[in-house]
Protein chains: 2
Amino acid sequence: MRPLLTVTNALADRTRLRLLMGLREGELCACQLIELVGLAPSTVSKHMFLLRQAGLVESRKIGRWVYYRWPGRAAPLRVRHALKWVAESLTDDPQIAKDTKHLARLLKSTPETLCRKQTRKPVSSSSAPATRAAARWRRAGRVTSGRT
Amino acid sequence: MRPLLTVTNALADRTRLRLLMGLREGELCACQLIELVGLAPSTVSKHMFLLRQAGLVESRKIGRWVYYRWPGRAAPLRVRHALKWVAESLTDDPQIAKDTKHLARLLKSTPETLCRKQTRKPVSSSSAPATRAAARWRRAGRVTSGRT
DNA sequence: CGTATACTTCGCCACTTGGCGAACTATAGA
DNA sequence: TCTATAGTTCGCCAAGTGGCGAAGTATACG
C-alpha cells in the first residue's frame, strides 16, 4: 500500500502536477522547472524530491546542473500507468496549456541564461559550465525518454 | 486541473484506498464500510463524501441505509482509469487482502445485524427496515456495477 | 587554495487534514 | 405523534504539508 500511497500523495498537489507535465516531452534542468512554476528554488527542490521518491521522475546530475525526466520502461507498472493516466487527464487543461507555451519560450534560451536571470545578474557572454551537456540535450530535441 | 486534483487528493489517503477497494466487487452499505475500516461513523462518512465528490463512488439511499458503489460506464475516463489503476496497483497488497477476508466474514450477516453490533445492542429477531432492499442486494450476488 | 553558483536541506509559519464525539437529519415503526 | 436508529454535519485538536529564506553542499573556474 505504501508504494501506491507515495505515488498518489505525490500526484495530489497542483504544483507537482505542473512540474510533472512540464517533463512530458523530455528532460529539463532544475532552473527551468523553477522558472516554469515561478516558485522558490527550495520549494521546487522539495517537490522534485517527492516526485523522485514516488518514482515519477528520474534525475541525473551533470556538473552543477540537475536534469529531471520521466522514468523509462524499467519503472514499475504502477508508475507508468500513473503517468499515462495523468497526462491523458490533463491534455486539455488550460493551466498546462499555459505552462506548455511558457516552456516553449523558456527553451529558446539556455539553462544557464535562465539561472542568471534567477539570481538577477547580467548574463555573461562566455560559456557557462556544463554547456556541452546542455547543447547535447538541445540537439537531442526533447527526447521522449522511453515512455510507454 | 481541479477535477483531476479532486481525484488524486481522494486517492492520497490510506483509509480511502481501503474503502474504495472494499467496493471493488460490488455495493456495500455505510455500516459495512464502517465495520470494514473500524473507524468512527463520522470519519467514514467524511471519507465517503470526498470519494463521492471525486466521482470515485456513487451512492443511493434506501430507507435509512445508504449504499455505495463504484460508478458505472457513464463516469468520466479520468475516474474509470483511476479505479482501474488503483485496483491493479493493489491486487497483491497485504492490507487489502486482509480487508477482503474481513469483508467476506461481514457479508455473512446482514447490514442490519452489523448496525446493531455497532450500537452495541442485541439484535432483535424481527425484520428491520429496508430489509427487502438488502435481500435483493444479497440475491444480486455482489453486482459488478457496470465496470469497464 | 578561494569565490561563484546550482541546487538541497533546515527551520519556521500558516493552512489543511484525519480523527473523534456531540448534535443534527431523515426515515421506520409503535 | 413519539421513539429508535442509520448517516451526516459540526466543532475541535493533533499531525502533516506547502510555502519561504537562510544555511549548507558540491561543482566549476580563476
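Within every chain, numbering begins at 1; the chains are lettered A, B, ... in the order of the sequence lines, protein sequences first and strands thereafter. Quick caveat: nothing in here was measured; it's all calculated off a predicted structure.
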Checklist entry - Any donor-acceptor pair under 3.5 Å linking the side chain of A:S45 with the backbone of A:P41? => result no
Next on the checklist: Keeping A:E88 on the side-chain end and A:W85 on the backbone end, is there a donor-acceptor pair under 3.5 Å?
Outcome noted: no
Item to check | 4.5 Å side-chain heavy-atom contact, A:L107 and A:L28 | outcome: yes
Checklist outcome for this item: Against the side chain of B:S42, the closest entry in C:dC7, C:dC20, C:dG18 is C:dC20
Next on the checklist: If I take atom CG in residue B:L28 and atom P in nucleotide D:dG7, what distance separates them, rounded to the nearest angstrom?
Outcome noted: 11 Å
Item to check | Between C1' of C:dC7 and CD of A:Q32, the distance in whole Å | outcome: 14 Å
Next on the checklist: Can you tell me which nucleotide in D:dG18, D:dT27, C:dT8 comes closest to the side chain of A:R16?
Outcome noted: D:dG18
Next on the checklist: Does A:R52 reach a base, just sugar-phosphate, or nothing at all? Heavy atoms under 4.0 Å.
Outcome noted: nothing
Next on the checklist: Using a 4.0 Å heavy-atom cut-off, does A:R14 contact any base of the nucleic acid, only the sugar-phosphate backbone, or nothing at all?
Outcome noted: nothing
Next on the checklist: Measure CG/B:N9 against P/C:dT17 and give the value in whole Å, please.
Outcome noted: 7 Å
Checklist entry - Rounding to a whole Å, what distance do you find between B:K61:NZ and D:dT5:P? => result 16 Å
Checklist entry - Given D:dA26, D:dG7, C:dG18, which nucleotide is nearest the side-chain atoms of B:L50? => result C:dG18
Checklist entry - C:dT17 P sits how many Å from B:F49 CZ, rounded? => result 12 Å
Checklist entry - Side chain of B:Y68: nearest nucleotide among D:dG7, D:dG18, C:dA6? => result D:dG7
Next on the checklist: Nearest whole Å is fine: how far is C:dC13 C1' from A:K46 NZ?
Outcome noted: 11 Å
Next on the checklist: For a quick test of reading the model: is some side-chain N or O of A:S45 closer than 4.0 Å to OP1 or OP2 of C:dT8?
Outcome noted: yes
Item to check | N/O (side chain, A:T15) to phosphate O (OP1/OP2, D:dG19) under 4.0 Å | outcome: yes
Next on the checklist: Whether A:R64 contacts C:dA4 is assessed here as follows: a side-chain N or O lying under 4.0 Å from the phosphate OP1 or OP2. Is that the case?
Outcome noted: no
Next on the checklist: Can you measure A:W65 atom CH2 to C:dA4 atom P for me and round it to whole angstrom units?
Outcome noted: 16 Å
Checklist entry - Is it true that a side-chain atom of A:W70 and a backbone atom of A:L20 form a donor plus acceptor pair closer than 3.5 Å? => result yes
Checklist entry - Has B:H47 got a side-chain N or O lying under 4.0 Å from the OP1 or OP2 atom of C:dT17? => result no
Checklist entry - Please give, in whole Å, the distance from D:dG18 C1' to A:L11 CG? => result 16 Å
Item to check | Where A:M21 and A:V86 come nearest, the two heavy atoms and their spacing | outcome: SD-CG1, 4.2 Å
